[in-house]
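We name chains A, B, ... by the order of the sequence lines, and we start the count at 1 in each one.
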Amino acid sequence: MSRHYDIFERCKKNDPQAQRLLYDFFKSKLMGLCRRYAASHEEAQDVLQESFIKIFSKIHQLETSEKLESWMKSVVVRTAIDQYHKQKAREIIFDRIEEKAFKVEDQVSSLDTVTDEFLIQVVNSLPAGCRMVFNLFAIEGYSHAEIAAMLAVTEGTSRSQYHHAKMLLKEKLKSETLMEYYEKLA
Amino acid sequence: MKNLPENEWMKELEGRLRNYEEQPDETLWGAITQAVQPQREAAVWRWIDYAGSGAVILLAIFMLSIGGEKSELVLRDAKKAKNQLPTKNTTTASTQSQNALTANTIEAASGLLEKKNERTNSIQVRSQQIVFSDKKSVENCILNTSLAPPTSELNNSGTTRSEMQTIILDSLFNQKEYMRIDTLVLPAKGDEEKRTKEKKQRKAVTLYGHLTPSLSYYAMQPLANDEIAISSFNSPSVLSGDRSGFAGELGMQRKLSKKLMYTVGLTFYQQQQTIRYQTVSSSKNQIMNSASESFSYSIIPQYNQHIVSYNMTNVGVTAGFLYELKNAGLIHRIGLSGSYQQGFRKSNEESTYNNVTSSYAFYNVLYRIEYPINTKLKLYIQPTYSRGFYVNEKLKEPFSLKPARAGISVGIVVDF
């Protein structure tokens with residue numbers, strides 16, 4: 001804690017060594033967070049880079065180190081949302097994933113048998129809007145009202161996007177063996 | 001499908017996604033520090049910008065206030081002197097026959113003075129101002145996603161990016177067809193890069209330095225109440241080597257907008273000049289009695305030659321603005337600046353001019369033509385006219401000087 005506090009205080013004074021320590025300490029967690037929101041590894045790195053720049057420039061606004069991690073995560077999430085808005089403004093066209101092309105029957109029998117990277121890839125393959133809503137609602141725990149405000153959509157849209165995301169994920173993860181496994185459990 | 005398994009796989013999915021960690025590329029920290037470092041520097045430069053702009057504004061205020069006060073003082077002194085002159089000169093002429101008398105003949109006689117005056121009316125009294133009004137040369141001398149191509153390219157190669165995505169995903173899925181992104185148009189970063197480049201250019205630090213051979217001129221202001229008549233100044237020709245001086249300047253310039261930039265720098269100026277002038281002697285006038293009339297005298301004025309060693313070494317600060325007029329191969333800028341200089345040359349005791357206790361303020365009008373040698377280096381020439389508007393000079397002579405200089409600077413601009 002004292003080490004954490006020390007790094008935090010030194011970061012507030014723009015100490016480069018402390019910034020490096022903070023980066024090393026949180027880079028994996030935050031990169032994982034970025035990977036969920038971004039469509040690709042490169043895009044996730046862009047978001048992470050932008051996030052750390054914001055973190056280092058605004059860390060002095062944080063009074064105590066207790067909320068440092070949650071604050072850093074919120075910075076990353078907000079950065080990812082900003083990125084989403086920018087992409088939306090530039091009218092990026094994401095064609096819908098051809099759901100029928102998704103086949104996993106050969107190697108996936110349960111979530112235990114798939115890697116985290118695979119799951120990330122599946123989430124990444126969601127349309128941008130769905131991906132954002134899914135992450136914000138299911139993983140971060142925001143309400144649909146909050147999500148609607150953040151993404152500048154209606155609450156109904158947020159709900160439908162989440163539902164759509166869930167359906168897509170289910171389709172993607174659906175295989176006879178996988179579902180059989182859960183149906184047996186039921 | 002029943003609810004329970006769905007909830008379970010969703011919970012498991014959420015849990016695993018929530019705890020997912022991944023190492024970013026090693027190069028990312030370098031990119032972050034590169035971005036963070038300029039922010040630190042930007043904070044420093046922001047203060048330098050404030051200080052530079054403040055210096056320019058203060059100097060401008062100083063120029064306006066001092067220039068205004070000085071003008072008023074000069075006007076007041078001139079009026080005062082004008083009012084005093086006739087009485088003074090008449091009195092002086094009738095008693096000691098000394099100041100400001102350029103006439104060669106004065107007829108005077110103790111008992112018949114009034115009658116003689118009425119009859120001959122030959123006393124010619126000239127004010128000291130008249131002496132200088134004849135010196136045209138004196139009057140005439142007054143005179144700066146990171147890989148995405150631009151939109152246009154995307155139109156031609158839009159599928160390249162999607163193909164790349166497909167290849168990456170295929171390789172991740174062991175080349176099996178799990179998913180396919182048909183069309184993916186990434187944001188055009190061309191415009192953003194251009195804006196960032198322009199922003200960087202605006203924020204770039206640029207140093208400049210130049211050397212200026214110059215010619216000095218002076219507006220001479222005689223002291224009205226010292227009862228000394230100056231008959232002539234030695235005025236070298238406009239392009240005489242006697243007027244030569246040498247200046248140097250080293251400073252920093254920063255863009256405030258696309259076309260406007262401010263400059264802040266240190267100046268150095270050196271000159272070695274000699275001023276010669278001639279006064280009418282007050283005590284050695286030759287008085288000759290007219291042979292024809294017993295009460296008639298002729299006074300032949302005697303002149304004294306004076307030499308002033310007007311050597312100065314000044315160091316000071318300068319601040320101003322440069323406005324870009326044209327950028328087509330050669331970059332043309334017009335500028336206005338102010339500078340304050342303090343003398344540093346110690347004079348000997350005999351010298352009437354003490355440079356070390358003298359200080360000057362100038363305004364400078366300049367025109368700069370820059371020639372880009374490469375992206376970092378530019379060469380420029382800069383005709384400059386400088387005019388002193390505030391002179392706090394320790395000069396024990398019957399006149400004060402207001403300097404003006406004209407020169408052509410040759411210098412370089414280096415971008416960092």
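- Neither the backbone nor the side chain of E140(A) comes within contact range of chain B; no heavy atoms are under 4.5 Å apart.
- At a 4.5 Å heavy-atom cutoff, S51(A) makes no contact with chain B through either its backbone or its side chain.
- When every heavy atom of K166(A) is checked against every heavy atom of M10(B), the shortest pair comes out as CG-CE, 3.7 Å.
- The nearest pair of heavy atoms linking L13(B) to L119(A) is CD1-CD2, 3.7 Å.
- Put simply, of K29(A), E117(A), R36(A), R20(A), the one with the most heavy-atom pairs under 4.5 Å next to chain B is R20(A).
- One finds the OH atom of Y20(B) at 10.0 Å from the OG atom of S28(A) (value rounded to the nearest 0.5 Å).
- E22(B) and R35(A) are joined by a salt bridge, as a carboxylate oxygen and a charged side-chain nitrogen come within less than 4.0 angstrom of each other.
- Here the shortest heavy-atom pairing between D25(B) and Y23(A) reads O-OH, 4.2 Å.
- The heavy-atom pair separating R16(B) from T115(A) by the smallest distance is NH2-C, 3.5 Å.
- Remark: Q17(A) CD is loosely packed, at most 12 non-hydrogen atoms of other residues, nucleotides or ligands lying under 6.0 Å away.
- The minimum heavy-atom distance between A138(A) and R18(B), with the atom names listed, is O-NH2, 3.2 Å.
- Taking the six-membered ring for Trp and thresholds of 30 and 60 degrees, W29(B) and F56(A) have ring planes more than 60 degrees apart, a perpendicular arrangement.
- For NE2 of H163(A), the number of neighbouring non-hydrogen atoms (other residues, nucleotides, ligands) closer than 6.0 Å is 12 at most.
- You'll find the side chain of Q23(B) reaches within 4.5 Å of the side chain of K27(A), heavy atoms only.
- Considering V123(A), L33(A), V122(A) in turn, V123(A) is the only one that fulfils the side-chain contact (heavy atoms from CB on, under 4.5 Å) rule with L17(B).
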